[in-house]
Amino acid sequence: MLRLVLVALVVAVSSADFTVLKSPQYQIFQEGKWPVPGDRIPDVISLSMGFSVEEGLDWPGLGVGNLFQRPRSTVLVTVTGVNKLPLSGNGMSYPVENAVPYSLDSVVNSVHSVFSEEMPVVLQLAPIEERVYMVGKANTVFEDLSVTLRQLRTRLEQDNSIIQSLPVSSLYKNDETDRLFLSELQVLQDIITLLSGHKHLAKDNVPDIYSLELTGLEEIKKRYGEESAKFKDAVKILSDFLQKFADDMYSIYGGNAIVEVVAVESFEIPLVRRSRSILASEAISNPGSPYNLAYQYNFDYAVIFNIILWIMIGLALAVIAISYSLWNMDPGYDSIIYRMTNQKIRMD
């Protein structure tokens, strides 16, 4: 009884929601209202993908799935501006306790450590903030993806943009705030379109990771208010769009994908993640770019660095010692070449 009361209190004060829209049949998420610690969301994703975590997670919402199968893709969409979206379907929802900024860097590092010789698809994207991080085959798949505000503005003016298919609403594409929100929807549709042309990547054994941050709804809320018609229309359109996006991703990966949505009013501090800027992403797909930055470090960086460092120091000391010995060597006494030559001369 006490546990039920505590859960109810957490639900009452929770300002965020964690929803699993799609998951494979062998991946068991338990129905219930168990709160998810905000700082442990990356660990929940790691465990659902079959990876271990540094600290144990005692959360009843994630059951034991098939030990011999792992999802081929995990998609996490973070929506700011609302604590819960009216998502349809049979997804399971859990309250988030202490919603704090999080990062999927640990999940990406786990994929790289286990599949070091493979090329997974890793895409981390925040369209409005122009932050993008692509790794592996994502550079090829999403080479034509619009990721800057200027590119998105041009994309919305094209004939095949989402403007043509959206229902009648109070949103207006020429309004700057509304256009930012519509640009995020356009990115979701373009991801599906581009990925549909590379379905063979969904059949490999390397898990792919997609992390998308959508803040357009929060911008509409700040400008027009929570009770405005624009905000209500945006919530409805975004919910329907996310459900369709989840269905399409699930279909592309043949039912072997997990699609999750985190809805949060706002984080106490800005969401910060170790990721590349937009300039760094362009340099990845274009080796001749002047912004050719190094790849993100992994857990083995310190070990490799120390091995190379001390080997170089040892070789440098050896060269110095050998050079000093040769410089101060007396050819008449220390060199076997001069000794044998001197003996030969004497015999002759």
Under the side-chain hydrogen bond (donor to acceptor under 3.5 Å, both in side chains) definition, can you give me all pairs with a residue in residues 37-48, not counting sequence neighbours?
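Listed by first then second residue: R40-D43.
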Hey, could you give me the [atom1]/[atom2] distance between [X] and [Y], rounded to the nearest 0.5 Å?
X: R72; Y: D204; atom1: CZ; atom2: CG; value: 7.5 Å
X: L182; Y: L238; atom1: CG; atom2: CG; value: 11.0 Å
X: I128; Y: E130; atom1: CD1; atom2: CD; value: 10.5 Å
X: N109; Y: L104; atom1: CG; atom2: CG; value: 11.0 Å
X: D178; Y: R223; atom1: CG; atom2: CZ; value: 7.5 Å
X: I258; Y: M249; atom1: CD1; atom2: CE; value: 12.0 Å

Does the S211 side chain pair with the main chain of Q124, one donor and one acceptor, at a distance under 3.5 Å?
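Between the backbone of Q124 and the side chain of S211 there is no qualifying donor-acceptor contact (under 3.5 Å).
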Answer yes or no: does atom CG of N174 have more than 12 heavy-atom neighbours from other residues, nucleotides or ligands under 6.0 Å?
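It does: N174 CG has more than 12 such atoms within range.
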With a 6.0 Å cut-off (strictly less than), is the heavy-atom count around CD of Q25, excluding the residue itself, greater than 12?
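Open.
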Compile the donor-acceptor pairs under 3.5 Å between side chains in residues 313-325 and protein atoms, sequence neighbours left out, one pair per line.
residue	atom	partner	partner atom	Å
S323	OG	V319	O	2.7
S325	OG	A321	O	3.0

Closest non-hydrogen atom pair between [X] and [Y], with its separation:
X: S239; Y: L87; result: O-CD2, 3.6 Å
X: A138; Y: V122; result: CB-O, 3.4 Å
X: T80; Y: E218; result: OG1-OE1, 2.8 Å
X: R155; Y: S146; result: CB-OG, 3.9 Å
X: S23; Y: Y250; result: O-OH, 3.5 Å
X: S161; Y: Q189; result: C-NE2, 4.4 Å

Ionic contact status for K236 with D240, cut-off 4.0 Å:
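Salt bridge present between D240 and K236.
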Is F51 reachable from I41 through a run of I, L, V, M, F, W or Y residues, each pair having side-chain heavy atoms under 4.5 Å apart?
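Yes, same cluster.
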Look at the side-chain heavy atoms of Ile, Leu, Val, Met, Phe, Trp and Tyr, link any pair under 4.5 Å apart, and say whether I163 and L214 land in one connected group.
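Same hydrophobic cluster.
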Y102 vs I45, side-chain contact (heavy atoms from CB on, under 4.5 Å): CA-CA, chis, key distance, verdict:
CA-CA 12 Å; Y102 56 84; I45 296 175; over 6 Å; no
Taking only residues two or more places apart in sequence, or in another chain, which ones meet S228 in a side chain to side chain contact (heavy atoms under 4.5 Å, CB included)?
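Side chain to side chain contact (heavy atoms under 4.5 Å, CB included) list for S228, sorted by chain: Y224, K230, F231.
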Does L194 have any side chain to side chain contact (heavy atoms under 4.5 Å, CB included) partners at least two apart in sequence or in another chain, and if so, which?
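Only F142, L145 meet the side chain to side chain contact (heavy atoms under 4.5 Å, CB included) criterion with L194.
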Side chains of [X] and [Y]: closer than 4.5 Å at any heavy-atom pair?
X: V108; Y: V135; answer: no
X: S196; Y: I252; answer: yes
X: L217; Y: K221; answer: no
X: F18; Y: E260; answer: yes
X: S183; Y: P127; answer: no
X: E213; Y: R131; answer: yes

Positive for side-chain contact (heavy atoms from CB on, under 4.5 Å) with Y253, one of T74, V259, L195
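For Y253, the side-chain contact (heavy atoms from CB on, under 4.5 Å) check succeeds only for L195.
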Checking Y94 now: which residues fulfil ring-ring contact (aromatic ring centres under 6.0 Å, His included) with it, not counting sequence neighbours?
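For Y94, the residues satisfying ring-ring contact (aromatic ring centres under 6.0 Å, His included) (neighbours in sequence not counted) are W59.
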My understanding is that only residues two or more places apart in sequence, or in another chain, count here; which of them pass salt bridge (Lys or Arg N to Asp or Glu O under 4.0 Å) with R179?
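Expected list: E176.
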